[in-house]
Each structure stands twice: as C-alpha cells, then as structure tokens.
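Just follow the structure's listing: the first ligand is 1, and inside any ligand the first atom is 1. The shown structure was predicted, so the numbers you read here are calculated from the model rather than taken from an experiment. All values below come from the heavy atoms of this structure, side chains included, with hydrogens, waters and symmetry mates left out.
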Amino acid sequence: MSPITGRTKICGIIGDPIEHSMSPAMHNAAFSALGLDYTYLPFRVRREELPGAIAGVRALNIVGLNVTIPHKVAVMPLLDRLEPLAEKMGAVNTIVNEDGVLTGSNTDAPGFLQALRSQNIEPEGKKIVILGAGGAAKGIAFILAEAGASLVILNRTISKAEELAAQMARYYHQDLKAMTLSEENLTSALDRADVLVNATSVGMVPDVDRTPVPSRLLNPKLAVCDIVYNPLETRLLREAKAAGARTIDGLDMLVWQGALAFKQWTGREAPFAIMKQAAVKALKNED
Ligand code: ATR
C-alpha cells in the first residue's frame, strides 16, 4: 500500500458489523494498482450514531463512502441528493462527497447487471427467474425490470413475492409474476427461462449441501447466478456447471458493485481482476 500523505483522499465503509467486509481489501488493492493517493477504511457505526457519522463525513471531508447493513435505508434522509435508481429502490450503498454535497446512489443492483453483461448476457427481452424476495432480490428485480427483462419471482413466503411484484408493477409493464418457491412452480418457471438468479441464502455456509433448485431442472441454455459467495462455488453453481450452464458467482456481483463505486470516487475505470483477486483472498482469510 502506498504511504498515507497529507493529500491522501479517504474513503470508507460504514456498517455494523463491519469486520467481515471485503471492501477495504478490494478498494485498497485497486488504489494501489492504479497508484492513486486514496485509502479505504472500515468504520463500525451503530444505528444511533449514523447522523453523527454522516456529519463526520462532511467535517472530515471523506470523499467516498460505502454504506452497508443496517444503514442502507436510514442514511437516505441524511444526504443532499439521491440518484433516481437509489430513490426508486429505497436503498443507498454508495455516497460521493463533492465539496460537502453528499449524493447517494446504489451500485448493488447495477453491479449485478454489470456482472451479467460481462458474460455477454443482455437482459432485455429475456425471461429471468429470481428466487427470493428479500432486500437483495428486490434490487436485482428492479434493475432487471429496468433493463427490460420479464420476471418470475419465486419465494418461500408467497406474500413477499406478491408484494414485490406489485411494487414493481407501478413502474414496469412487462410480465412480472410471483409464485411460491416449490418444485412444481420451479419446473414451470424454468421452462424456456434464460437466466436463473438465486437471491435467497440457501446454500450459504454452514448449509453448503443445500440447493434451492433440483439439478434435473438445470440445462445448458441457462445462465445461473448465485448471490451467495461463501462458499464461492455453491452447490447450485457446481450443479449448473455440470449441466453445461454458464455461471456467475456472488463475488462477481460484489466486486462489480465495488468497481462502480470506485469509478464514482476516482473517475477511473476500476481494475476488476485485481479487486476480485483481493476479495477472494480476503474471503479465504475469513475461513
Ligand atoms: P437479503 O437482504 O439478503 O435478501 P432477507 O431480506 O432476509 O435477506 O431475505 C432472505 C431471502 O432468502 C428471503 O427471500 C427468504 O425467504 P422468505 O421471505 O420466505 O423468508 C429466503 N430464504 C431464506 N432461507 C430460506 C430457505 N431455507 N428456503 C427458502 N428460502 C429461504
């Protein structure tokens, strides 16, 4: 890492807990690779300290900030401006500080889109099956609908899938369906689907032997994405590969999210491969 100087620009991440974040490793590796005089620090900020932390961003002239759980929604009214997508999705994960004017944006969902596009998958007109209806699924559903995909959202709790589909129908007019996550519904939803996204936590450590989709439903025409990145190759991704499907792992989405924030803060294209390598290393150190 390059030495800190009087001119070093400071970026960071606020959340609670924060010690498992891979973002410091990822961004510092990227700053270093491009020889930028920036540094990136983790800040554990408790819920009640959030207004103080944002006042601190202004007072200390922190130039860029990532925001993670539990602050992604609560931070919104503390900012000066919001990018339209962040407003629509109701969550901010990135802040840019330009001379004390704080703008909030969301690079989580665009990061997912970028991960798809990096594999030459363009969602427009595609049939995409999303498993889950929590925070992560919501961002993914919005960005894919925005990009013109038709969606089937399957969730264990049907009411949450229906609520998400109804919320999206206010903005988007393509096919948006909600179903219970069952084998029967999966079978019909995956018939002629182009992309499958697991946005549930099924398959995450310690439940690495679980998968949300029986392997017989996977086929070579599918691209399969998993938001779970620990393990990096989930059972779902392993079985998708074996079925001849293309796969996108959860770390790709996380690194693209970081890469888009990096560009906002530095104006430079992020070195994706270096960031991914740093994230993989940080993940291994966690185990
Ligand atoms: P996140 O913000 O990461 O999306 P979340 O809001 O807690 O986290 O959402 C977790 C998602 O994983 C939900 O869609 C949840 O389904 P429910 O809405 O029915 O709870 C899904 N999920 C978690 N464990 C699951 C399991 N064992 N089987 C199926 N779905 C599961």
Give me the nearest non-hydrogen protein atom to atom 26 (C) of ligand 1 as residue plus atom name, then the distance to 0.1 Å. R156 NH1, 3.2 Å

min-distance protein heavy atom vs atom 19 (O) of ligand 1 -> T157 OG1, 2.5 Å

Identify the closest protein heavy atom to atom 2 (O) of ligand 1: which residue and atom is it, and at what distance? G135 N, 3.3 Å

Using only atom types and a distance under 3.5 Å, with no angle test, would you say the side chain of N93 pairs donor to acceptor with the backbone of N66? no

Atoms of ligand 1 less than 4.0 Å from S201 heavy atoms? 12 (O), 23 (C), 24 (N)

Would a distance-only check, ignoring hydrogens and angles, find a side-chain to backbone donor-acceptor pair under 3.5 Å from Q174 to S150? no

Identify, by atom number and element, the atoms of ligand 1 in contact range of G132, meaning under 4.0 Å from any of its heavy atoms. 14 (O)

Where is the nearest protein heavy atom to atom 9 (O) of ligand 1: which residue, which atom, and how far? G134 CA, 3.5 Å

Salt bridge between R235 and E239, side-chain N to carboxylate O under 4.0 Å? yes

Does A137 reach ligand 1 with a nitrogen or oxygen that is under 3.5 Å from one of the ligand's nitrogen or oxygen atoms? no

In terms of residue, atom name and distance, what is the protein heavy atom nearest to atom 28 (N) of ligand 1? V202 CG2, 3.5 Å

Polar contact flag for T200 and ligand 1 (N/O pairs, less than 3.5 Å): no

Look up atom CG in N155 and atom CG in L164, then write down how far apart they are to the nearest 0.5 Å. 9.0 Å

Does the distance from a Lys or Arg side-chain N to an Asp or Glu carboxylate O, for R44 and D16, drop under 4.0 Å? yes

The atoms of ligand 1 lying under 4.0 Å from a heavy atom of A136, numbered in the order shown, are 1 (P), 2 (O), 4 (O)

Does the distance from a Lys or Arg side-chain N to an Asp or Glu carboxylate O, for D249 and K276, drop under 4.0 Å? yes

A133, portion touching ligand 1 at heavy-atom distance under 4.0 Å: backbone

Measure from the side-chain N and O atoms of N97 to the backbone N and O of G100, and report whether any donor-acceptor pair falls under 3.5 Å. yes

Quick check on K138 - does any of its heavy atoms sit under 4.0 Å from an atom of ligand 1? no

